[in-house]
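To keep things clear, I will list the structure first and then write my remarks on it.
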Amino acid sequence: MAIGSNLASVYDPAQVEGKWYDYWKQQNYFLPSGDLSQPHYSIVMPPPNVTGQLHLGHALDNTLQDILTRWRRMQGYNTLWLPGTDHAGIATQARVEESLAAEGLSKYDLGREKFLERIWEWKRLYGDRITQQLSLLGSSCDWSRERFTMDEGCSRAVREVFVRLYEKGLIYRGDYIINWCPRCHTAISDIEVEHADSDGHLWHLKYPIQDSDEFLVVATTRPETMLGDTGVAVHPDDERYTHLVGKYVVLPLVGRIIPIFADAYVDREFGTGAVKVTPAHDPNDFEMGLRHNLESVNVMSPDARMNENAGAAYAGLDRYEARLQVIKDLEAGGYLLKTEDHQHALGHCQRCDTVVEPMVSLQWFVKMKPLAEPAIEKVVNGEIKFIPERFTRVYINWMENIRDWCISRQLWWGHRIPVWYCQDCGEIICSREDPTVCPSCASSQLQQDEDVLDTWFSSALWPFSTLGWPDDTDDMRTFYPTSVLVTGRDIIFFWVARMIFSGIENTGQVPFREVNIHGLILDALGRKMSKSLGNGVDPLEVIEKYGADTLRFSMITGVTPGNDVRFQWDKVENTRNFANKIWNAARFVLMNLEGYTPVDAAPEELPLADRWILGRLQQKITEITELLEAYELGEAARRMYDFIWDEFCDWYIELSKPRLFNPSNSRDRVVVQNVLNTVLTETMKLLHPFMPFITEEIYQYLPGHGPALMVERWPQAAPDRLDPRSLEQMQMVMAVIRAIRNIRAEFNLSHGTAIKVIMTAPDPDVVGLFQANGAYVRDLARVGDLTVVEKIEKTPRQAVSALLSFAQIYVPLEGVIDVGKEVSRLEKELKNIDQEIAKTEAKLKNEKFLAKAPPEVITKERSRADEAGTRREGLLQRLQIFKAQ
RNA sequence: GGGUCGUUAACUCAGAGGUAGAGUGCUUCCUUGACGCGGAAGAAGCCACAAGUUCGAAUCUUGUACGACCCACCA
């Protein structure tokens, strides 16, 4: 029995995928080859958060990496794709706090140590789940090197980097204005704040001038902060206010005497041109406060309630309650001049969407300017390349305007800041090892800083911390700098930028050569997928229903690099159909391989169709390889789709059938088997990075297969297998077949009727071609009697015709033909061709065109005109015949 | 206020200085020995608008409109 006949006619991924993943893993195929004579190819996986499960964005990101990894591995590179997960400080802690809350507990009930144990349990559970999901996707990453941002090695790297930067003076601690999330109870960095426009008001407040009846009117969107005002600013050139500069106002409700000063920051056009200044609760005011030595009065507590500094009347009120109360009191005191509607941007916590409160607070910072400079340079000089290139500017713009990075977080889950304070002498100790005694006073009363580091501080070290840095490991020497970083454009600032400066600063080298940025996965309506909209799609659901190959392929096909992708079930279904098509093509080949023996036929000995499909295969090998090199994965996938479905299945397999079922000689049957097998095998290789499972499954049925497709060599184009002439000739054959099929359809000639066709072609070579390959036309167009000649004395009257540029085709239809219908058909075509002739003639008469256009374009235009002329003549002749009747 | 991307067939999207492409949908036909998750044939587009560059523009340039996103301290 033939190999393929016991295979199901519908492909079932569920039966296949898990099996091969386990096999690959067990065979250690995901590990680097270790062949140091070959160039290395390495990618570190953007570590998913251990907060929950993978979404479609991860699926896309990892599919792209897996395609690149599998492709390079097949090319023979010493390939490493290193997986891992991220502890995701705020996010994970919040999730665990939620689960505690469900039990009626808070983290304080447990205490720091117990709480951390709880998170570690969570990490184990969800970390494993993520590993599982990545496996289901088919990710060929090296699990033996899997890392976690808080494992021992990564933690050591974090500590090393912190101490180094501290010692270099690039990390400092101080009271500065930061963004405070009143819900998460921690400082967050500037980029963790998301701005959203909101409708608010602009309140105009009268501040009385000290020892005067005059008022100064200020405008504010946040009246409650006036309780912390320590000055009023006006523009130095604002003549309305020059006489007031240097004087004082009496702060309403509070009674504090605060100075009026001039600062160029003030915009004269906005509001009243006078700004109330609250250094403790506004970043600009903070800056002005520094410039003018203003006092800083923090009027809020960590949960954004007013504190005692706000005065007894307000202490304990929530910031919004306080706002209402302040307005009420100001109005009562006659200080509220007017209220205007006003739209402005409000900062929200990226994690919990709470409105962020700018606050002065004692925190740790990284000094960014010295780190940013080389990080910009390496990108400008091309040592790191962004793909698509447009993201280079996004990166550089951000880096050029970067501000110091607030890295301390008031959380428990994360890397504890390696700084100790001596309780006796106040010495600050920053150390690689936990200190036991104070180096200056020998006291053992040392207390470690309570805070942990921003999660991104450890993520920033990922490309080298995972390879064993700070030790000089084999992996560091072999795989660093990594080849490419693949990630979404949403974390260019959070992560990519920080890896770049961290890599350069700590290893002296860039962390990766290329950055491949992809877009986001949107829902079918083009919206971002989000929890609040409930429009997310679980990749596992897609895998269960359609298989990982289908998910992978549908996400990347026909997608432009860097652009967003809409997720559509329609497209998934179509891709599932494609998988089924591949499956059945393979089934067909396998079912007909009986008696197969490998033959090495010389190209010139092969029939036209064989030379054609082998030539097309060579072209695909070149194209796909080039497209992969350019990160044009979507286009590469599309070309594979077209080649397999249109050319291999719809043409070559159809042409192979008679040769398999009714071979003219036994040699030809073996030849066609060989070609089918070759094309199928090579196609499976080319497709393997995109659809690893189905291709492996098919490969394992192929005669003479090796241990696994995933360790096969990537196809190399063989120029001697590319016969350009066969491509042209096949084009003609296909055109004739299509023309006859067209006639069949138009005249409702049922499939059963074998028709008679007369074909004339002025070129004897064309006649020869069709005489030699008439079988193609007979088989695919169901022609019973095919005559091919240079010329016939009298064209048949009772016949439908098709006029091609190189031939005329007549289908005699005695008695069946509807003359009126045929005449109108011909006339319609005549009209089209007249239009075409007019267009080409106009071009050819244009002297500028003849003078300036490249010769090949002119030649093409000429032959087009000639062909059109020939066709027109034929049409006229036909019309004449019918009209003479 | 800056910036990026998009605007191509009914829908979702590719493409690209030299006669407009795919998938889905639509129309007609086909139980042809891989596949109806299939095959054959078809209908369907002034490639957003305007100016410019060019022998030639859907493609390049500059504007405009609309949409999406990113950045930004106008209180």
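Chain letters run A, B, ... following the sequence lines, proteins first, then strands; residues in each count from 1.
Residue-level contact check: A:H342 touches the backbone only, with heavy atoms under 4.0 Å from sugar-phosphate atoms and none from bases. Using a 4.0 Å heavy-atom distance criterion, A:G200 is classed as making no nucleic acid contact. Contact annotation for A:R864: base contact, defined as any heavy-atom pair under 4.0 Å involving a base atom. Looking at heavy-atom distances under 4.0 Å, A:E654 makes contact with a base. Residue-level contact check: A:R782 touches the bases, meaning some heavy atom is under 4.0 Å from a base atom. At the heavy-atom level, A:A853 lies under 4.0 Å from base atoms of the strands shown. Across all strands shown, A:Y265 has heavy atoms under 4.0 Å from base atoms, whether or not it also approaches the sugar-phosphate. Heavy atoms of A:D570 sit under 4.0 angstrom from primed sugar atoms or phosphate atoms, though from no base atom. The residue A:W203 sits apart from the nucleic acid: no heavy atom pair falls under 4.0 Å. Counting non-hydrogen atoms under 4.0 angstrom, A:D650 reaches the backbone sugars and phosphates but no base. When heavy atoms are screened at a 4.0 angstrom cut-off, A:G558 is found touching the sugar-phosphate backbone but no base atom. Across all strands, A:P358 comes closer than 4.0 Å to no nucleic acid atom at all (heavy-atom distances). A:V266 comes within 4.0 angstrom of a nucleotide base, judged by non-hydrogen atoms across all strands. Contact annotation for A:T560: backbone-only contact, meaning every heavy-atom pair under 4.0 Å involves sugar-phosphate atoms and none involves a base.
As rounded to the nearest Å, B:rG2 and B:rU64 have P atoms that lie 11 Å from one another. Straight-line distance between the C1' atoms of B:rU19 and B:rU28: roughly 28 Å, to the nearest whole Å. Taking atom C1' on both nucleotides, B:rA16 is separated from B:rG21 by 11 Å, rounded to a whole Å. The gap from the C1' atom of B:rG52 to that of B:rU59 amounts to 15 Å, rounded to the nearest Å. The C1' atoms of B:rC46 and B:rA58 are separated by 10 Å, rounded to the nearest whole Å. Distance check on atom C1': B:rC66 versus B:rA48 gives 8 Å, rounded to whole Å. Taking atom C1' in both B:rA22 and B:rG45, the straight-line distance is 14 Å, to the nearest Å. Going from the C1' atom of B:rC70 to that of B:rG15 covers 27 Å, rounded to whole Å.
The residues A:D866 and A:R862 are annotated as not salt-bridged, no charged nitrogen and carboxylate oxygen being separated by less than 4.0 angstrom. Between A:E836 and A:R872 there is no salt bridge, since no side-chain N of the basic residue sits under 4.0 Å from a carboxylate O of the acidic one. Salt-bridge check for A:E635 with A:R639: passed, with a basic side-chain N closer than 4.0 Å to an acidic carboxylate O. Salt-bridge check for A:E867 with A:R864: failed, with every basic side-chain N at 4.0 Å or more from each acidic carboxylate O.
Contacts classified as salt bridge (charged side-chain N to carboxylate O under 4.0 Å, His left out) and involving residues 546-563 of chain A (residues at least two apart or in different chains) are given here: A:D66-A:R552. Residues in residues 838-847 of chain A take part in no side chain to side chain donor-acceptor pair (under 3.5 Å) pair, two or more places apart or across chains.
Of all nucleotides present, only B:rG3 satisfies the Watson-Crick or G-U wobble test against B:rC69, with each distance under 3.5 Å. In this structure B:rA58 sits in no base pair that meets the Watson-Crick or G-U test at under 3.5 Å. Here B:rG63 sits opposite B:rC49 as a Watson-Crick or G-U wobble pair (both hydrogen-bonding atom distances under 3.5 Å). Pairing for B:rA22 is with B:rU12, a Watson-Crick or G-U wobble pair whose two hydrogen-bonding atom distances lie under 3.5 Å. Applying the Watson-Crick and G-U wobble criteria (two distances, each under 3.5 Å), B:rA40 pairs with B:rU28.
Checked against the 6.0 Å centroid criterion, the rings of A:F493 and A:W495 do not qualify as a close aromatic pair.
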Practice problem: Go through the steps for A:T575 and A:M691 under the test side-chain contact (heavy atoms from CB on, under 4.5 Å), then give the verdict. | Solution: CA-CA 11 Å; A:T575 310; A:M691 301 180 116; 4.2 Å; yes
Practice problem: Start with the C-alpha gap between A:I556 and A:L60, add the side-chain angles, then the distance that decides, and say whether side-chain contact (heavy atoms from CB on, under 4.5 Å) holds. | Solution: CA-CA 8 Å; A:I556 63 142; A:L60 172 65; 3.9 Å; yes
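First and last contacts of RNA chain B with chain A, using any nucleotide atom under 4.0 Å from a protein heavy atom and ordered 5' to 3', fall at B:rG3 to B:rA75.
RNA chain B is contacted by both A:F270 and A:F849; A:F849 maps to the nucleotide lying nearer its 5′ end (nearest heavy atom per residue). Mapping A:K860 and A:T557 onto RNA chain B via the closest heavy atom, the residue that lands nearer the 5' end is A:T557.
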